[in-house]
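Everything below concerns the one structure shown next.
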There are 2 protein chains.
Amino acid sequence: MTVATLVPVFAALGDETRWSILTALGEGEASASALAGRLPVTRQAIARHLTVLQEAGLVEPVRAGREVRYRVLGAHLSSTARQLDRIGAAWERRLAAIKAIAEHPDHPEQP
Amino acid sequence: MTVATLVPVFAALGDETRWSILTALGEGEASASALAGRLPVTRQAIARHLTVLQEAGLVEPVRAGREVRYRVLGAHLSSTARQLDRIGAAWERRLAAIKAIAEHPDHPEQP
DNA sequence: GCGATGTGCAATCATCGTGTTGCAGAAATC
DNA sequence: GATTTCTGCAACACGATGATTGCACATCGC
């Protein structure tokens with residue numbers, strides 16, 4: 001699992017309208033038309049955002065008769081958060097080690 | 001602390017070039033010119049990316065004489081990850097509660 | 001069957017973002 | 001002091017993206 005796989009996830013999360021869609025879906029499943037009734041954007045625009053969110057693995061379509069409801073996948077958000085935390089922690093460790101070596105050159109870190 | 005504050009962070013993380021810059025900085029501080037020597041983009045383009053990353057709180061400029069080195073802030077990445085995890089967990093809890101009520105209407109969840 | 005509602009696809013438009021080139025200025029090296 | 005190097009700002013081209021309107025088709029309720 002490389003970082004390239006989660007770039008589209010962050011690109012999907014880097015938009016205000018998509019966040020309003022996600023928070024609305026966080027209160028329960030909803031269709032694109034239902035979301036269009038709540039948000040100040042067209043149904044077609046919401047549909048495009050939903051496909052972006054689906055390709056990022058953040059939502060899931062659920063057919064209910066003639067309408068297509070969407071469900072948020074909070075688990076995928078949490079797993080992304082775990083990867084983020086690991087990356088950030090790795091950077092912190094490495095920079096701390098560099099700083100320690102720079103300040104105390106005769107006290108190298110244990111291999 | 002609202003979600004609006006972390007939208008620019010995700011927008012900054014939703015770009016391949018910026019990730020290559022961040023991973024390069026994860027190995028140690030570097031200036032825009034030094035990064036331009038490693039990556040297949042111009043120094044000016046990298047400078048713009050660095051300002052985006054700085055406004056998102058992901059990097060920090062460090063003046064070293066006439067050159068400006070940049071340092072990654074892994075701690076901010078980790079705090080963002082924590083907020084992400086909390087949001088995803090909240091969605092999962094709420095949808096699980098809705099599903100439980102729908103399946104067992106006479107067994108309401110404890111308030 | 002007929003109207004109402006929900007979805008899908010296409011075309012269009014405006015805007016933003018990424019990357020480039022070019023030039024000017026500040027600071028270190030010789 | 002002259003040259004080199006690093007930075008900063010401006011202007012520009014090009015592609016990507018967000019949002020719109022319009023129309024065609026499927027499905028539910030009467």
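The figures here come from the full heavy-atom set of this structure, side chains too, leaving out hydrogens, waters and symmetry mates.
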Between [N] atom [atom2] and [X] atom [atom1], what is the distance in whole Å?
| X | N | atom1 | atom2 | result |
| --- | --- | --- | --- | --- |
| B:Gln44 | D:dT7 | CD | C1' | 9 Å |
| A:Glu16 | D:dT17 | CD | P | 18 Å |
| B:Glu67 | D:dG8 | CD | C1' | 15 Å |
| B:Gln54 | D:dT7 | CD | P | 14 Å |
| B:Arg48 | D:dA11 | CZ | C1' | 11 Å |
| B:Arg66 | D:dT4 | CZ | P | 12 Å |

Taking the side chain of A:Thr17 as its heavy atoms from C-beta onward, which of D:dC28, D:dA19, D:dC9 lies nearest to it?
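Within the option list, the nearest is D:dA19.
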Between [X] and [Y], what is the shortest heavy-atom contact and its length?
| X | Y | answer |
| --- | --- | --- |
| B:Pro61 | B:Val68 | CB-CG1, 3.9 Å |
| B:Ala12 | B:Ala56 | CB-CB, 3.9 Å |
| A:Leu39 | A:Ile46 | CD1-CD1, 4.3 Å |

If you assign A:Val52 and A:Gly65 each to the DNA chain D nucleotide with the nearest heavy atom, which residue ends up on the more 5' nucleotide?
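Taking each residue's closest nucleotide, the earlier one in sequence belongs to A:Val52.
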Given that B:Arg43 and A:Ala32 both sit by DNA chain C, which one's nearest nucleotide is further toward the 5' end?
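Final value for this comparison: A:Ala32.
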Under 3.5 Å, is there a donor-acceptor pair between the side chain of A:Ser31 and the main chain of A:Ala34?
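Yes, the answer is positive, given that a donor and an acceptor are paired below the 3.5 Å cut-off.
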Check: A:Gly74 main-chain N/O paired with B:Glu92 side-chain donor or acceptor under 3.5 Å:
yes
Would you indicate whether the side-chain heavy atoms of B:Asp15 and B:His49 approach each other to under 4.5 Å?
yes
Sugar-phosphate, base or nothing in reach of B:Arg63, heavy atoms under 4.0 Å
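No contact.
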Counting any heavy atom closer than 4.0 Å, what does B:Arg69 reach on the DNA or RNA strands: base, sugar-phosphate only, or nothing?
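Here B:Arg69 touches no strand at all.
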Rounded to the nearest 0.5 Å, what separation is found between the CH2 atom of B:Trp19 and the CG atom of B:Leu53?
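Reported to 0.5 Å precision, the distance equals 10.0 Å.
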DNA chain C: 5'-most and 3'-most nucleotides touching chain A, 4.0 angstrom heavy-atom criterion:
C:dA4 to C:dC9
Closer than 4.0 Å, any side-chain N/O of A:His49 to the OP1 or OP2 of D:dA19?
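Yes.
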